[in-house]
Amino acid sequence: VEVLIVSEYRKLYNEVLGNPEFRVKLDRDPKEALESIGIRPTPEILEGVDNALKALKELQADFGPETTETESCVS
Amino acid sequence: MRKLDPEIWEPQLVTASQRAVRRAVAQFQNRVPLLADSALSWLATHCDVDQPEDYFLHPQALPLLSLPWWLERSLRGAVDEEFQAGLIESSVNLYYFARMLDDLMDGHATERAALPALYPFLLGFQSAYFRYFAPSDDFWGHFQRQMDLTAESASVDSALQELNEDDFLNMAARKTAAAFVPVVAVCCRYGRQDVLASWENYFLAFARWHQFRNDLLGWSGDAERKGRTWLLCEGERHKGAGESVAMWMGREGFAWAGAKLKALMEDAVAKASTLGSPELMLYLAMREEHCTREVAFMRKSAAAWAGLLELDTQASPR
């Protein structure tokens, strides 16, 4: 069980960094988002996600939409 | 979308751009009405077709319309608005051509019926210059060189599987060389080919910075569609055992890319500082400041998510 938990945190970290759509899903419905990538939404994982999302929202407020919503298609 | 900064885009340029971009779109619709619906549907996936000028005046876009304007102002102290409007109409067509070709090369779904728009886009780009330059004019030699450079760079870049810094600097970042054509036009029209090399040096330096910033902002999308960029190749080369490129980005990649962007911008600013264009210097300062904030936000966001890895460490049987 420990080994599975270890890999799940890394798997989740990998997904949130590399998949912007998943980040949106995670914010909207963490349990469903976690299950969609095969991660069991344990209380520990949900708390970790909640902490990260709160920190992220504070950063977005600090930096403002002109920085956090830059359109990468403008090239 | 961020409001346009009036200190960056002077009102005269905004007004001229709005008129000329809309005229270019209207001319396209009039010339090829049977193709226009499909082409505009494609265009609507990239911009608001009711306000097409916003796309070109976006503060983070390549300064395709403003650079020739700033150059003319630096050379003459004034701009010929009719001439600049012609350049803008041409550049709009160039951009649409390049965007559609890029979509095709990147494998984005594009309606088949829209693809023949490449013909009128390319013609619209080139034909604007017939008004100003005779066939024997030096302009056309420069024009051909920039077009050849763009075509070769795009081809080589798309075929490379392992990009390093040299590949990026010498190939990937030269894909936008055609966007230098309106700058060439200004130099040739006013007999100032003596300043062409210094503006081209600047343009290449800026294009490198601009392309690398795009690669950083789009890194996850590029990775998803198996695109090859210098940044992603660097991630593949430096990621640790059992680490993905995404994890390398969080651990090191954002900081590495931020340092590269800083150095590329310093080079662009150094080259721009010799050109005598205060508008360009102000613009670069704005871009640098904004980009620094973007990178800081990426690094801090990654750090926020890295809390998950600390939980991983706590749960790990050591």
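Contact annotation for Ala223(B): neither backbone nor side-chain heavy atoms come within less than 4.5 Å of a heavy atom of chain A. In this structure, no portion of Ala98(B) lies under 4.5 Å from any heavy atom of chain A. Neither the backbone nor the side chain of Asn51(A) comes within contact range of chain B; no heavy atoms are under 4.5 Å apart.
Contact count versus chain B (heavy atoms, under 4.5 Å) is highest, among Asp62(A), Val49(A), Leu56(A), for Leu56(A). The candidate with the highest count of non-hydrogen atom pairs below 4.5 Å against chain A, out of Ser244(B), Gly307(B), Ala303(B), is Ser244(B).
Between Val49(B) and Val25(B), the closest side-chain pair of non-hydrogen atoms is not below 4.5 Å.
At a threshold of 4.0 Å, the pair Glu294(B)-Arg213(B) counts as salt-bridged, since one of the basic side-chain nitrogens sits closer than that to a carboxylate oxygen. Note on Lys11(A) versus Glu8(A): no salt bridge recorded, every NZ/NE/NH1/NH2 to OD/OE distance being 4.0 Å or above.
Within 6.0 Å of the CD atom in Glu236(B), the count of heavy atoms belonging to other residues, nucleotides or ligands exceeds 12. The local environment of NZ in Lys300(B) is sparse, with at most 12 non-hydrogen atoms from other residues, nucleotides or ligands closer than 6.0 Å. Counting heavy atoms of neighbouring residues, nucleotides and ligands inside a 6.0 Å radius, atom CD of Glu224(B) does not exceed 12 of them. Atom CZ of Arg251(B) sits in a crowded spot, with more than 12 heavy atoms from other residues, nucleotides or ligands closer than 6.0 Å.
Of all residues in residues 15-27 of chain A, those placing a non-hydrogen atom less than 4.5 angstrom from a non-hydrogen atom of chain B are Val16(A), Leu17(A), Gly18(A), Pro20(A), Arg23(A), Leu26(A).
A centroid separation of less than 6.0 Å is found between the aromatic rings of Phe56(B) and Tyr95(B).
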